[in-house]
Each structure stands twice: as C-alpha cells, then as structure tokens.
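Comments concern the structure below.
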Amino acid sequence: AQKITQTQPGMFVQEKEAVTLDCTYDTSDPSYGLFWYKQPSSGEMIFLIYQGSYDQQNATEGRYSLNFQKARKSANLVISASQLGDSAMYFCAMREMMGGGSNYKLTFGKGTLLTVNP
Amino acid sequence: EPEVTQTPSHQVTQMGQEVILRCVPISNHLYFYWYRQILGQKVEFLVSFYNNEISEKSEIFDDQFSVERPDGSNFTLKIRSTKLEDSAMYFCASRAGQLNQPQHFGDGTRLSIL
C-alpha cells in the first residue's frame with residue numbers, strides 16, 4: 001500500500017520569507033504522481049502543484065515549487081515570498097492507480113498547518 | 001475558471017435520517033469522486049465513479065452509502081441512515097481524462113449528525 005508522511009504538524013514563517021514543507025512517500029509503483037493541496041480555514045481544497053515520477057524537472061507554479069528527490073522519496077513543497085494569505089493547512093497526496101485503466105484515487109498525508117507571521 | 005460546486009455547504013441531520021449531498025462536477029470531466037475528512041484527520045477516499053458506474057470504493061463506503069449521476073450534470077452521495085460517526089466534511093472532486101490531470105475539489109459539505 002502507498003503511504004504519505006508529513007512530519008511537520010505545524011510550521012511558522014515570517015512574511016516574505018521562503019518556507020519548505022516536507023513530504024516523503026513510499027510506493028512500489030514505478031509510475032506515480034504527487035500533488036500538493038492547500039486547505040484554508042474556510043475548508044475548501046485547492047490544488048497547487050503536481051509532480052510526475054518521470055518528469056525530468058522539478059515542478060514550478062508561480063511561488064510554489066517542488067523539491068523532488070526521487071532517490072530519497074521526497075517531494076517537498078517550497079513556497080517563496082510567503083504572504084499572510086498562505087496561512088493554511090497543506091496536504092501532500094499521492095496518486096494510487098485503480099482498476100487497470102487511467103483512474104486513480106488520492107492518498108493524503110496528515111497535513112502541515114502553516115502560519116505566516118506579519 | 002470552471003469549478004466543482006457542492007450544496008449545501010452545511011447540513012445538520014438527526015441520526016438515522018437519510019441525507020443527500022449534491023455536487024456539480026466540471027462539465028467536461030470524466031471521473032468523479034467523493035472523499036471525506038473527519039475533523040482533524042486525513043482526507044479519505046470513499047468512492048470513484050466513471051462511465052456511469054462505481055469504479056472503485058473504499059471499505060468505508062458500505063451499504064449505507066450510494067452514489068448517482070442522474071442527469072449528466074449532478075453527482076450525488078446518499079447516506080441512507082446516518083450515524084454520529086458520519087459527521088465530517090465531504091468533498092466531491094472531478095478530473096479530466098489524462099493521468100497527469102489533478103482532481104479538482106469542491107468547497108465541501110460539512111455534515112453534522114445530532
């Protein structure tokens with residue numbers, strides 16, 4: 001079975017600084033995908049960034065980037081120039097294939113609560 | 001930008017009552033999902049729906065749960081006889097066909113069982 005581990009229950013960062021949120025994973029599938037989602041206090045789940053196991057480069061999306069280290073099985077999210085609105089719960093999730101086709105479900109980590117201080 | 005919409009945002013129901021949670025997925029998406037998140041816990045997969053049928057379900061998705069896509073736009077989750085432990089945030093998600101496409105989540109329905 002696949003497993004996602006987020007070891008930081010909470011993180012603090014000063015506004016305008018960068019922060020790294022850790023995610024390690026375990027899978028025996030050679031083809032997999034990793035996603036990061038943001039959940040503000042209002043509760044919605046917002047997709048941030050995706051990294052495929054065969055992607056040659058680390059994913060980037062605006063202020064979000066993924067530090068993907070395949071040998072170490074880690075996919076850490078880096079948020080640059082933190083803003084107050086970045087305060088939220090952040091979930092790392094892994095794609096787990098289902099049914100032999102192109103369908104998948106997400107296995108989530110426990111999340112990291114990020115607080116951005118002014 | 002198209003989005004997944006869920007109604008209601010909050011549902012309060014007496015234990016033992018039936019509840020229907022509604023979702024309108026993004027219109028050209030092919031795969032539909034329900035997840036739940038008990039307060040303070042991980043998001044858990046419940047069920048996947050594709051080509052008008054359930055393609056996969058978790059052990060949580062027992063006989064009390066059912067899903068429907070009655071009219072090509074709505075996607076519903078029904079809990080037949082609610083229990084206290086069904087209290088959670090329920091998320092609907094949908095996805096386009098390609099494997100590298102993310103699942104897009106709705107804002108969730110907070111279900112409170114009294």
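Here is the naming used below: chain letters follow the sequence lines, and residue numbers restart at 1 for every chain.
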| request: From the options Phe105(B), Tyr90(B), Phe91(B), select the one residue that forms a ring-ring contact (aromatic ring centres under 6.0 Å, His included) with Tyr35(B). | output: Phe105(B)
| Does Arg95(B) count as lying over the ring of Tyr31(B), i.e. NZ or CZ under 6.0 Å from the six-ring centre, within 45 degrees of the axis? |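 Yes, a cation-pi geometry.
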| If you count heavy-atom pairs under 4.5 Å between each of Gly43(A), Ser42(A), Gly111(A), Ala93(A) and chain B, which one has the most? |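 When all of Gly43(A), Ser42(A), Gly111(A), Ala93(A) are compared, Gly43(A) has the most.
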| Tyr25(A)/Tyr32(A) under ring-ring contact (aromatic ring centres under 6.0 Å, His included): CA gap, chis, key distance, verdict | CA-CA 10 Å; Tyr25(A) 59 90; Tyr32(A) 53 89; 5.1 Å; yes
| field | Interface moiety of Met89(A) toward chain B, non-hydrogen atoms closer than 4.5 Å | value | neither
| Is it the side chain or the backbone of Tyr104(A) that comes within 4.5 Å of chain B heavy atoms, both, or neither? |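 Interface part for Tyr104(A): both.
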| remark: Max heavy-atom pairs within cutoff under 4.5 Å with chain A, candidates Asn100(B), Asp107(B), Leu99(B), goes to Leu99(B)
| query | Checking side chain to side chain contact (heavy atoms under 4.5 Å, CB included) against Arg22(B), which of Thr76(B), Thr109(B), Leu77(B) comes through? | reply |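 Option passing the side chain to side chain contact (heavy atoms under 4.5 Å, CB included) with Arg22(B): Thr76(B).
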| message | With a 4.5 angstrom heavy-atom cut-off, is it the side chain or the backbone of Gln37(B) that approaches chain A, or both, or neither? | response |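 Side chain only.
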| request: Indicate yes or no: at least one non-hydrogen side-chain atom of Phe91(A) is less than 4.5 angstrom from one of Leu106(A). | output: no
